[in-house]
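First up is the structure itself, then whatever we jot down about it.
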Amino acid sequence: LAPTIPQTRRAMAVDYVIHGIVAAVSGVLVLFGSGVFIIQMQHPDDKNAAWLPKLIVLLGLFLTCAMVLMLPFDASMSQSCESDPECGVVGMIAQVWYAGFISVAVVAFVLIPLAYFWYETDDEDGIVTRAATTVCWSIVFCFVFVAILLALYFTMGVVDLPIIVMAPYATETTSWFVDPALARPLFKDVAAVPAFSATQSIRTSLVIYVLALLSFIGWCLMTVFAGIGMVALPMDLFIAFRDRPRPIDLKQFAERKLQLKKRCEELLAIGRQEKDAFKAKPNAFRERRFTLKYKKMVLDLEEEMTLLNICYKRNEINPLIPWIQLFGGFVSTVLTISWWIQLILEIFLDGIAGPYLSDVFTNLSAAFPLFGIVAYGVFAFYILICVVKGSIKFAGRFFLISMHPLKINGTMMNSLLFNVGLLLMCSISCTQLCTTAFAGFTHSSAISQLFVSQIQYLRGLSFFYSVQIPVFYSLLFCIGWIQFLWSLTILCCCPKKQHESIQEAMNDLRRDRG
């Protein structure tokens, strides 16, 4: 016998209690993990300082994880409501999503710029001067963002929803369409009703448009950075294992240290000459590009010096780290290949070859909700890790954005703020990616209905979210394959050790100076 509605609701109440417990445990773990991450990554100079940036970084990390992990909760709770038409969980979850989107926008475009400008002000200035400078720059940043948002909203904040219009019903056989109390007509009568396609234009809400704009910005960033990072991350882990620290004697240490000293002196000389040259003949673009290259050279020399000290001081060589990097290389390779297979099956083949990972997540969630959340989280957070990795590789190769690498016990708070802001902006697009790629796992969720019913048909953005032409997914694949072929060519045809790459960068810097 089929369960009655009261029995179904009692079972749903038990599910809600379990989901609530899992959500609470997940939230505590995320908050604890975010705090540990900040402590482990912070630079010694920021150990007992920069409390405002640290608090905002903690909030940003928690919000990023919450946006990504909320999807399986949404899917599970919404699917349990399918048998009860009076269940209001879907609407409640939609409101939670709206609150999350607004929080992401506020943190990414208000709090993080505020903390970033505060951190960049001179510590020797008074608190009033620092606060005034921070507030002024933050107001300018927010004004620009709000102006662009409102201009786009009032000009293109319309959903062009495709609909099917049926002709008026005049005959007796088609009167059921007007009065459902009458007997249903035969199929041939229904099929005979004339119909044509049309477009219904509806003004969307400002909250939905903020979500759409954040999603679009996140997709633009994620397409480039994740495409690079999904290949660069496993490649760099394998290269790190290959070039792992090996013990050297005093003579080798002295020779390589002398070479490093010469390169540092030359780098200082180049910096002084370029500073004078830019004062005499200003060129903003060339100066910024040179500064970014110069910063990368400094970071490379610092890394080589650290590695040299580890090689000389044999007791500082941890034999486990290279093997952990090798294991991470294999794991990241499996995750990258699995993601590509899933996108091919679900996006490009429209799911005709099977759901693949969606079934895995569904079966794990059926056993215990936390299992499915963990499995889904591994794949979702891998995309965000690849975004950070890709941004570092992109900045170090094209010198169009500032480089903000993450180092254990060596990351300044401005770099943490930059990367957390990047993760926040990509969290919505990552959620949308997972909603589409794992459609069998996330069907009937409130967020999937939101993405499909409104964002997909927004005027000006519908081309990028088109089902017929998956623009972002195609670009993600193209960038990933370009990065793979480039890395494979460099690795096989012209492998270089770190000091050789640094020397080549020095030569490139000399050419720029000339």
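In what follows, residues are counted from 1 in the order of the sequence shown.
Shown here for Gln432 and Ser215, the closest heavy-atom pair between the two residues is OE1-OG, 2.6 Å. In terms of heavy-atom proximity, Asp46 sits nearest to Tyr119 at OD2-OH, 2.8 Å. Across every non-hydrogen atom of Pro405 and Ser415, the tightest pair is O-CB, 4.3 Å. Here the closest non-hydrogen pair linking Ala212 and Leu458 is CB-CD1, 3.1 Å. Closest non-hydrogen pair, Val231 versus Gln483, comes out as CB-CG, 3.6 Å. Nearest heavy-atom pair across Thr336 and Tyr382 is OG1-OH, 2.5 Å.
With rounding to the nearest 0.5 angstrom, the CD1 atom of Ile270 is 12.0 Å from the CD atom of Glu265. For the atom pair OG of Ser103 and OH of Tyr98, the computed distance is 14.5 Å after rounding to the nearest 0.5 Å. From Met297, atom CE reaches atom CD of Glu266 across 8.5 Å, with rounding to the nearest 0.5 Å. Taken to the nearest 0.5 Å, the CE atom of Met222 stands 10.0 Å off from the OG atom of Ser427. One distance of note links OG1 of Thr333 with CE of Met230; it measures 11.0 Å at 0.5 Å rounding.
At least one side-chain heavy atom of Lys257 sits under 4.5 Å from a side-chain heavy atom of Leu308. The closest side-chain heavy-atom distance from Lys389 to Asp236 is below 4.5 Å. Between Leu221 and Met425, some side-chain heavy-atom pair lies under the 4.5 Å cut-off. Under the 4.5 Å side-chain criterion, counting only non-hydrogen atoms from C-beta, Val334 is in contact with Ser338. You'll find the side chain of Val210 stays beyond 4.5 Å of the side chain of Ile102, heavy atoms only. Looking at Gln342 and Phe379, their side chains never come closer than 4.5 Å, going by heavy atoms from C-beta outward. Counting heavy atoms from C-beta outward, Leu433 and Phe472 have side chains that stay 4.5 Å or more apart. You'll find the side chain of Met156 reaches within 4.5 Å of the side chain of Tyr209, heavy atoms only.
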Exercise. Does the pair Ile373 and Phe73 meet the rule for a side chain to side chain contact (heavy atoms under 4.5 Å, CB included), with working shown?
Worked result: CA-CA 8 Å; Ile373 293 172; Phe73 285 100; 3.3 Å; yes
For this session: Decide ring pair (Phe, Tyr, Trp, His ring centres under 6.0 Å) for Tyr116 and Phe418; before the verdict, give the C-alpha distance in whole Å, the side-chain angles of both, and the deciding distance to 0.1 Å.
Result: CA-CA 8 Å; Tyr116 192 91; Phe418 175 86; 7.8 Å; no
For this session: Determine, step by step, whether Tyr376 and Cys434 satisfy the side chain to side chain contact (heavy atoms under 4.5 Å, CB included) criterion, reporting the C-alpha distance in whole Å, the side-chain angles of both residues, the deciding distance to 0.1 Å, and the verdict.
Result: CA-CA 9 Å; Tyr376 157 82; Cys434 294; 3.7 Å; yes
Exercise. Do Trp323 and Leu326 pass the side chain to side chain contact (heavy atoms under 4.5 Å, CB included) test, and can you show the C-alpha distance, the side-chain angles, and the key distance before you say yes or no?
Worked result: CA-CA 5 Å; Trp323 295 102; Leu326 179 63; 3.7 Å; yes
Problem set entry | Worked check of side chain to side chain contact (heavy atoms under 4.5 Å, CB included) between Leu422 and His404 | CA-CA 11 Å; Leu422 178 63; His404 292 278; over 6 Å; no
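More than 12 heavy atoms of other residues, nucleotides or ligands sit less than 6.0 Å from atom CD1 of Ile202.
With hydrogens and angles disregarded, a donor-acceptor distance shorter than 3.5 Å links the side chain of Thr64 to the backbone of Gly60. At distances below 3.5 Å, at least one donor-acceptor pair connects side-chain atoms of Tyr153 with backbone N or O atoms of Thr204. Not one N or O on the side chain of Asp74 forms a donor-acceptor pair closer than 3.5 Å with the backbone of Ser445. Although no hydrogens or angles enter the test, the distance criterion places no donor-acceptor pair under 3.5 Å between the side chain of Arg263 and the main chain of Leu260. Although no hydrogens or angles enter the test, the distance criterion places a donor-acceptor pair under 3.5 Å between the side chain of Ser429 and the main chain of Cys426.
The aromatic rings of Phe438 and Trp339 sit tilted relative to each other, their planes meeting at an angle between 30° and 60°.
The six-membered or imidazole ring of Phe361 lies away from that of Phe371, with a centre-to-centre distance of 6.0 Å or more. When ring centroids are compared, Phe101 and Trp97 come within the 6.0 Å threshold.
Across Leu424, Leu114, Leu214, a single residue satisfies side chain to side chain contact (heavy atoms under 4.5 Å, CB included) together with Phe109, and that is Leu214.
For Ile385, the side-chain contact (heavy atoms from CB on, under 4.5 Å) partners two or more places apart in sequence, or in a different chain, are Leu233.
With respect to the salt-bridge test (charged N to carboxylate O, under 4.0 angstrom), the residues Lys407 and Glu303 do not qualify.
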Just distance, no hydrogens or angles: give the donor-acceptor pairs under 3.5 Å from side chains in residues 132-145, sequence neighbours left out.
{"residue": "Thr133", "atom": "OG1", "partner": "Thr129", "partner atom": "O", "Å": "2.9"}
{"residue": "Thr134", "atom": "OG1", "partner": "Arg130", "partner atom": "O", "Å": "2.8"}
{"residue": "Ser138", "atom": "OG", "partner": "Thr134", "partner atom": "O", "Å": "2.8"}

List the atom pairs, with distances to 0.1 Å, where a side-chain N or O of residues 31-42 and a protein N or O form a donor-acceptor pair under 3.5 Å, not counting sequence neighbours.
{"residue": "Ser34", "atom": "OG", "partner": "Val30", "partner atom": "O", "Å": "2.8"}
{"residue": "Gln42", "atom": "OE1", "partner": "Lys54", "partner atom": "NZ", "Å": "2.8"}

